[in-house]
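Protein chains get the first letters and strands the later ones, always in sequence-line order, with residue 1 at the start of each. Predicted, not measured: the structure shown is a model, and the values here were computed from it.
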4 protein chains.
Amino acid sequence: MSGPTFTELARRRQFVDCAIDVIAEQGFAAASLAKIAARAGTSKGVISYHFSGKDELLEQIVLDVFTDTAEFIGPRLAAATTATEKLTVFLETSLEYMRLHRAQLLALRQIFPNRRDANGDQRYDNEHGEPRERAIEELLREGQRTGEFRDFDPAVMTVTIRSAIDGALNQWAHSPDLDLTAYAGELVTLFIHATRGES
Amino acid sequence: MSGPTFTELARRRQFVDCAIDVIAEQGFAAASLAKIAARAGTSKGVISYHFSGKDELLEQIVLDVFTDTAEFIGPRLAAATTATEKLTVFLETSLEYMRLHRAQLLALRQIFPNRRDANGDQRYDNEHGEPRERAIEELLREGQRTGEFRDFDPAVMTVTIRSAIDGALNQWAHSPDLDLTAYAGELVTLFIHATRGES
Amino acid sequence: MSGPTFTELARRRQFVDCAIDVIAEQGFAAASLAKIAARAGTSKGVISYHFSGKDELLEQIVLDVFTDTAEFIGPRLAAATTATEKLTVFLETSLEYMRLHRAQLLALRQIFPNRRDANGDQRYDNEHGEPRERAIEELLREGQRTGEFRDFDPAVMTVTIRSAIDGALNQWAHSPDLDLTAYAGELVTLFIHATRGES
Amino acid sequence: MSGPTFTELARRRQFVDCAIDVIAEQGFAAASLAKIAARAGTSKGVISYHFSGKDELLEQIVLDVFTDTAEFIGPRLAAATTATEKLTVFLETSLEYMRLHRAQLLALRQIFPNRRDANGDQRYDNEHGEPRERAIEELLREGQRTGEFRDFDPAVMTVTIRSAIDGALNQWAHSPDLDLTAYAGELVTLFIHATRGES
DNA sequence: CATGAATGAGCATTCATTCAT
DNA sequence: CATGAATGAATGCTCATTCAT
């Protein structure tokens, strides 16, 4: 009908995956269109055909990974009832997703600090519209309403939880043998203590 | 006689400062030697005269900021007695330093994920030898010995504290009006809860 | 299907020819990619598109000239029967080829002493695998077997014959009016005397 | 008094020697003033003080080596009586000098094809004013006058003898174990045959 | 739809030379 | 006499983008 065909979408997805691999392995600066095309087994021109430019390709990477993350975490989070449970599930699921999608997250970690808009200003839009961020803040506020959590600033706690997960990624990035399940357990205990009411 | 002259050191420092400004403002990728030289009011060749190459300039940035950070935080940390006090001082001092050296920290945040060695592997060496990291882990272990802190994995807690500070920097980077003093207060409470024994 | 297309090869040949002209006229050091591209009527980037780098372009020059030389000299040499005849034909044909391909040989004369490998050591590999060298030594050994030639060291004689031709090129390089046919005649007499048995 | 002082001359000689070493070892293109100065243990500026520029330094190298060569070969040649003897002595002495001054000759071999005047034309002036060249041609003509030598073109023979010596240098350059004395013996026999009358 | 070819701006680096001290 | 500092032009190269086929 209208819009991109199924084939077209599959082709785009293929380039997104190749780009993710190259960025994860060789870094943002080294990820030229030539290398990405080579990994995909085609020539540079093809990428320009499917994407308006390198910017759109990068944008698509972010979008795809965000979508994928939300689809992975969303249902698991919905199954939890209390805020404490949700916090637990969120941390465990985040690190579980990380374990299953190493390249994707390594790539995002390279892309975020390097994306700039036309004016040269850093682009934070996507970072803060990302699914995780919103889900965390919501569950924190809910826990505060039910009295499970103490009276902290939800924005700070949200950023800190998100940063804690990024910290795990950083560690895992250069210590691939890191036990992410155990790491998740430590984070759960840490943030349950950090959020619990004074009693 | 011995080593570089005072003038030479001052000149290097000047280029380091210009490079920090350009990287903080325009990002790692856009920080060409030409732009850095332009900011310093000279030509590219002069940088090559004072540094063996761009790599050495970047290295010097990291070194200078680390040294500066250590000199700022070290004495304040030494003045604290209990582990809890030290943790408090560490977090407050870190964000205070951040407030006073915005460009430096924004620059480091750009440099770290983008530095690669000759093999294309990311360079983490400095990041983990950095003063903050070591100081945190030490005070955590001390708190566990004295019974002030509960029995968590010091490595995970260290990474999380460091990441929490990085998270503050990220927020502040695109919300320059953020109240870092209040933010520090929130982090202190957060991590005191996170580290405190169960009793 | 397999390998470079005909068009690609023709384009490479075109740049090789331009490079030969620039090197022959302006010397090795002055033969920058910019000048070579300008002579070809394009920009530097195009050369980088067709060759992996300046090194490969220089390599191709050597290869092309060697191939051309072999195709010129080979059949003429094969038509000769006795070793003396072959020596005669070799010298005459070499200077005849020189006369017809001035730029090529002037370029090679610039390239050889200036080519270095990555370690900074001079590259002799090609020079001694070159067609002329092998052909000479073979015919000299044949003449010694048949008794036409006396008992000299074939390696020294080979180098000397090759150097004699290089000497002719040197003379001709700055005296373009030099009569190369007469010169060839002198060289033939010279080396027939030099190689002839004592009797 | 007038002209350069003794100290001045010694200083120039020192830089000439360093330049010879660097050029011989690393090649013409890699022999920057910085490297030459580093080898001399001083800074680039000093060379500019003693020489009007890199050109004058290169000129001085050529001049010094030519002078040295002439002083070495001249007396030995004068001691020979017949033309044949002189030819023998010339070849033997040339290779003997080569053996004793490897760096000097390797340097000259790099300098000659790379020297250009302001117009970009190659400089042959020195090459053909060099002592060896003149000495050879003179002895060849003498041999023809006395009937020792046959009736060849002295110019061609001169160039060929000179080129034969250059060929020996080329061989020796990449085969440092080459027996130059034996090589000289071969050349002597070769050119005695080449020059001898028909009888 | 796809691509080989070309483009030109930008990059880090090297270098001979100049100059104030 | 000597030199550390600075200069700016030039070099090889990479890259995102464009375009004709």
Hey, can you tell me if B/Phe15 and B/Phe51 have their rings parallel, tilted or perpendicular (30° and 60° cut-offs)?
-> perpendicular
Passes side chain to side chain contact (heavy atoms under 4.5 Å, CB included), C/Gln60 versus C/Leu63? Steps please.
-> CA-CA 5 Å; C/Gln60 190 68 53; C/Leu63 191 61; 3.9 Å; yes
Could you state the CD1-P distance from B/Ile47 to E/dT13, rounded to the nearest angstrom?
-> 10 Å
Counting only non-hydrogen atoms, which of residues 13-23 of chain D are less than 4.0 Å from DNA chain F?
-> none
For A/Arg13, look at atom CZ and say whether over 12 heavy atoms of other residues, nucleotides or ligands are found less than 6.0 Å away.
-> no
Nearest-nucleotide 5' precedence on DNA chain F, C/Ala31 against B/Gly45 = B/Gly45
Of B/Ala29 and C/Glu8, whose nearest nucleotide on DNA chain E comes first from the 5' end?
-> C/Glu8
Which atom of C/Ile36 lies closest to which atom of C/Ala31, heavy atoms considered | CD1-O, 4.0 Å
Note: for C/Thr7 and B/Lys54 on DNA chain E, the residue whose nearest nucleotide lies more 5' is C/Thr7
Could you check how far NZ of D/Lys44 sits from C1' of E/dC15, rounded to whole Å?
-> 7 Å
Dot-bracket summary - DNA chain E, pairs being Watson-Crick or G-U whose distances fall under 3.5 Å, with | when paired to another strand = .||||||||||||||||||||
List the atom of A/Arg39, the atom of A/Glu25, and the distance in Å for their closest heavy-atom pair.
-> NH2-OE1, 3.0 Å
Check every nucleotide of DNA chain F for an atom under 4.0 Å from a heavy-atom of chain B, then give the first and the last such nucleotide from 5' to 3'.
-> F/dG4 to F/dA10
Between A/Lys54 (side chain) and A/Leu33 (backbone), is there a donor-acceptor pair under 3.5 Å?
-> no
With a non-hydrogen cut-off below 4.0 angstrom, is D/Ser32 in contact with a base, only sugar-phosphate, or nothing?
-> sugar-phosphate
Which whole-number value in Å describes the distance from B/Gln26 CD to E/dG10 C1'?
-> 14 Å
Taking every non-hydrogen atom, the tightest pair across B/Ile61 and B/Ala19 | CD1-CB, 3.6 Å
Would you say A/Arg109's side chain and A/Ala24's backbone share a donor-acceptor pair under 3.5 angstrom?
-> no
Remember a base hit wins even if backbone is also touched, and classify C/Thr42 as base, sugar-phosphate or nothing at under 4.0 Å, heavy atoms.
-> sugar-phosphate
More 5' along DNA chain F: A/Gly53 or B/Tyr49, using each one's nearest nucleotide?
-> B/Tyr49
Which is it for A/Leu57 and A/His50 under the side chain to side chain contact (heavy atoms under 4.5 Å, CB included) test, yes or no, and what are the steps along the way?
-> CA-CA 9 Å; A/Leu57 173 57; A/His50 290 285; over 6 Å; no
Using the side-chain contact (heavy atoms from CB on, under 4.5 Å) rule, pick out the option among C/Asp21, C/Ile20, C/Val16 that qualifies with C/Gln104.
-> C/Ile20
Answer whether the closest heavy-atom distance between the side chains of C/Arg11 and C/Val46 falls below 4.5 Å.
-> yes
